Amino acid sequence: MCGIHGFFRRDGATADIALLGKMGDVTAHRGPDDAGAFADGPCAIGMRRLSIIDLAGGHQPLSTADGRYTLVCNGEIYNYRELRAELQAAGHVFRTQSDSEVLLHGFAAWGEAVLERLNGMYGFALWDAHSRTLRVGRDRLGIKPVYWLDDGRRVAFASEAKALLELPGVERSVDPAALGAYLELGYVPAPLSMFKGIGKLPIGGLLKVSAEGVGVRSTWTPPTTVDPGPSAADWAAQVRAQLERSVRAQMVSDVPIGAFLSGGIDSSAVLAMMARSSEQPVRTYSIGFDGGPAERFFNELDHARAMAQRLGTDHHEILVRPDVVSLLPKLLWHMDEPIADSAFVTTYLVSEFARRDVKVILSGVGGDELFGGYRRYMGERWLRWVDWMPDIAKAAAARAAGWLPADRHSKWLNYARLARGLMQSAQLPFTERYRSYVGSFTPAEARALQRSRAHVRHDALGAAFDAVGGEDTLARMFAVDALTQLPDDLLLLTDKMTMATSLECRVPMLDHELVELAARIPAHIKVAGGEMKSLLKKSLADVLPREVLYRPKRGFGAPMGAWLKGELAALLDGALSRRAVERRGLLEHAPIAALIDAHRASRIDGTDRLLALLNLEVWCRVYLDRRSSEDVAGELMEAVA
């Protein structure tokens with residue numbers, strides 16, 4: 001695991017290898033153990049290494065014996081032993097035990113087709129000295145990020161956008177289209193980033209650069225063709241077997257390894273499979289919040305502790321009352337882009353806690369998207385009952401739902417919030433209903449918020465729906481999630497927050513073979529009878545206890561909405577004051593003030609929207625104003641005090 005970075009001079013100039021040091025220094029947290037650099041004519045590539053496999057011999061860049069290919073790679077290739085044996089049988093001589101070296105020799109043997117053989121998470125850069133071509137790629141699911149820019153003089157890439165900002169002449173300004181997309185979704189979807197001129201490679205993306213030009217192609221897209229043949233029992237058996245294989249493959253490590261444990265289905269399933277393959281008790285790490293009712297609503301420590309005791313793990317837990325005011329600037333610097341998902345705070349805190357003992361952690365991220373773990377997947381089923389109502393009754397119900405209180409920090413107010421959202425979206429077309437389930441601001445609200453509206457809207461969800469097609473609404477929702485929210489929200493924050501603490505996080509639920517298997521399963525089997533994750537529960541019936549399988553779902557986030565009404569109210573008022581908003585010049589203040597008032601009165605649950613706005617302003621202070629996170633944190637704490 002590491003961070004990669006580099007560039008190709010399109011103007012014919014010789015690459016300045018000294019710039020690699022600056023790019024690597026700013027991302028040293030991704031790889032504190034080692035650094036490497038290579039330059040050849042117009043191309044320079046480098047890395048920072050977190051040593052996981054072949055601690056002594058895995059230094060990068062790696063080159064073939066004839067010097068043709070040189071590689072830097074961030075991530076892990078889980079089937080490297082099988083590929084290594086095949087390549088050795090064909091005459092290739094390996095000089096290290098590193099998993100990354102199979103990509104180097106694999107490219108020499110099979111060209112770009114090697115990417116079809118890899119099972120893993122990775123971002124890589126490969127220089128071909130013969131054809132004078134640089135290739136930069138990203139894994140199928142987008143587990144590892146790759147940012148890039150092309151300013152006409154050079155093409156540059158890095159695991160984190162902040163490394164690109166170290167290059168001379170790279171400006172720090174907001175992309176208006178990215179800002180609009182961010183307001184709509186709460187994250188910036190690929191191929192955009194919040195920085196104008198800097199983009200993200202799409203999932204499975206391959207960038208190819210040479211004197212002849214620059215091109216990006218996709219090497220993988222989520223499959224959407226279902227197989228109606230097998231029974232639910234057959235599918236359950238296949239899912240169970242593949243999950244076991246995925247977890248076992250991802251436990252390969254030369255350093256201590258552990259698991260995040262929330263006590264929910266996904267993390268418990270991963271842990272159970274790890275326990276079966278480990279001779280020693282698995283180290284597990286859980287987090288809870290200290291405080292009042294809102295904090296207790298998000299606290300799952302009791303459930304995690306019970307699962308740890310059942311499986312005999314070496315369990316560690318931490319009860320926190322995070323100082324969000326001082327944390328936000330630091331975490332948003334690590335994120336590179338603003339985000340409205342409060343899970344980035346939780347993920348950082350539990351990662352920092354686990355990193356005291358281990359270098360590698362396994363997580364249950366991805367299970368909800370594969371097997372139907374979100375309530376939005378049930379919305380289409382519930383709406384069948386609404387469809388029986390006359391239009392006039394639907395309209396009346398939607399108006400009545402608007403009077404329901406909304407809050408996500410208590411059981412009954414959360415139900416009221418969900419019911420309100422369902423009824424108010426009932427008369428919308430399917431794609432717009434989905435947008436209302438996953439979005440932050442509506443497109444109209446996002447446009448009204450922006451002071452500058454002279455830009456083309458980037459509709460990531462619309463493009464994703466056009467790409468997946470099909471008649472099965474649930475299957476389309478699963479596929480759209482895999483193209484948008486999964487890589488650009490959940491996986492991005494997981495990578496950035498774990499790597500901020502120099503911790504490698506692996507996600508066996510997103511092994512591409514398991515993903516492709518899940519994509520073939522008809523949606524009505526995944527959520528049979530309107531039960532979330534019904535097939536996954538069936539596959540784990542003899543592995544996990546009923547109290548885990550059938551416990552109500554709780555998100556892995558923080559009680560941010562309650563904090564924004566209470567202890568963080570002053571932070572909100574200061575960062576989003578009329579003076580601050582008008583000085584920034586990106587947004588209109590009036591709708592922001594109205595949103596704050598409505599959230600505090602519980603007329604709406606504005607948590608995601610307010611966090612999107614707050615984090616945007618804090619991100620701007622760090623990146624656009626070129627201030628240290630410590631300086632911004634001090635300013636925010638002074639304002640709150």
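Note that the structure is predicted; figures quoted are calculated from it, not measured.
Under the rule for a side chain to side chain donor-acceptor pair (under 3.5 Å), the partners of Thr64 that lie at least two apart in sequence or sit in another chain are Asp66. For Val216, the side chain to side chain contact (heavy atoms under 4.5 Å, CB included) criterion is met by Trp148, Leu201, Pro202, Leu207, not counting sequence neighbours. By the salt bridge (charged side-chain N to carboxylate O under 4.0 Å, His left out) test, Glu516 pairs with no residue at all, sequence neighbours left out. By the salt bridge (charged side-chain N to carboxylate O under 4.0 Å, His left out) test, Arg305 pairs with Asp302, Glu317, sequence neighbours left out. In this view, Ala518 and Leu370, Phe371, Lys526 satisfy the side chain to side chain contact (heavy atoms under 4.5 Å, CB included) rule, not counting sequence neighbours. For the side chain to side chain contact (heavy atoms under 4.5 Å, CB included) test, no residue two or more places apart in sequence or in another chain qualifies with Ala275. Scored by the side chain to side chain donor-acceptor pair (under 3.5 Å) test, Glu160 finds His29, Arg30, Lys162 as partners (sequence neighbours excluded). Take Glu352 and apply the salt bridge (charged side-chain N to carboxylate O under 4.0 Å, His left out) test, not counting sequence neighbours, and it matches no residue. Taking the side chain to side chain contact (heavy atoms under 4.5 Å, CB included) definition, one finds that Asn79 meets it with Ile77, Glu82, Leu83, Asn119, sequence neighbours left out. When the side chain to side chain donor-acceptor pair (under 3.5 Å) test is applied to Glu184, the partners found at least two apart in sequence or on another chain are Arg457. Scored by the side chain to side chain donor-acceptor pair (under 3.5 Å) test, Ser277 finds no partners at all (sequence neighbours excluded).
Two rings, from Phe157 and His5, have their centers 6.0 Å or more apart. Taking the six-membered ring wherever Trp is involved, the centroid distance between the rings of Tyr434 and Phe465 falls below 6.0 Å.
Thr96 and Glu101 form a side-chain donor-acceptor contact under 3.5 Å, judged by distance and modelled atom types alone. Judged by distance alone, the side chains of Thr498 and Ser351 never bring a donor and an acceptor atom under 3.5 Å apart.
With a 4.5 Å cut-off on side-chain heavy atoms, Arg135 and Asp128 count as touching. Tyr348 places none of its side-chain heavy atoms less than 4.5 Å from the side chain of Lys496. Residues Thr225 and Asp227 are not in side-chain contact: their nearest non-hydrogen atoms beyond the backbone lie 4.5 Å or more apart. Contact check for Leu243 versus Leu514: side-chain heavy atoms found under the 4.5 Å cut-off.
Between Asp542 and Arg240 there is a salt bridge, since at least one side-chain N of the basic residue sits less than 4.0 Å from a carboxylate O of the acidic one. One finds no salt bridge joining Glu504 and Arg355 here, because no Lys/Arg side-chain nitrogen approaches an Asp/Glu carboxylate oxygen to under 4.0 Å. Note on Glu513 versus Arg245: no salt bridge recorded, every NZ/NE/NH1/NH2 to OD/OE distance being 4.0 Å or above. Classification of Asp368 and Lys533 as a salt-bridged pair holds, one side-chain N sitting under 4.0 Å from a carboxylate O. Under 4.0 Å is where a charged nitrogen must lie from a carboxylate oxygen, and between Asp495 and Lys144 at least one such pair does. The existence of a salt bridge linking Arg476 and Asp481 is excluded, since no basic side-chain nitrogen approaches an acidic carboxylate oxygen closer than 4.0 Å.
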* Asked: When you look at Tyr182 and Tyr187, which way does the ring-ring contact (aromatic ring centres under 6.0 Å, His included) test go after all the steps?
  -> CA-CA 5 Å; Tyr182 169 72; Tyr187 59 89; 8.6 Å; no
* **Derivation of the side-chain contact (heavy atoms from CB on, under 4.5 Å) call for Val247 and Asp511** => CA-CA 9 Å; Val247 171; Asp511 176 287; over 6 Å; no
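Results of the side chain to side chain donor-acceptor pair (under 3.5 Å) test with Asp34 over Arg49, Gln60, His59 single out His59 as the only residue that passes.
Residue pairs meeting the ring pair (Phe, Tyr, Trp, His ring centres under 6.0 Å) criterion with at least one partner in residues 476-517, sequence neighbours excluded, are Tyr377-Phe478.
Other residues, nucleotides and ligands contribute at most 12 non-hydrogen atoms within 6.0 Å of the NZ atom of Lys538.
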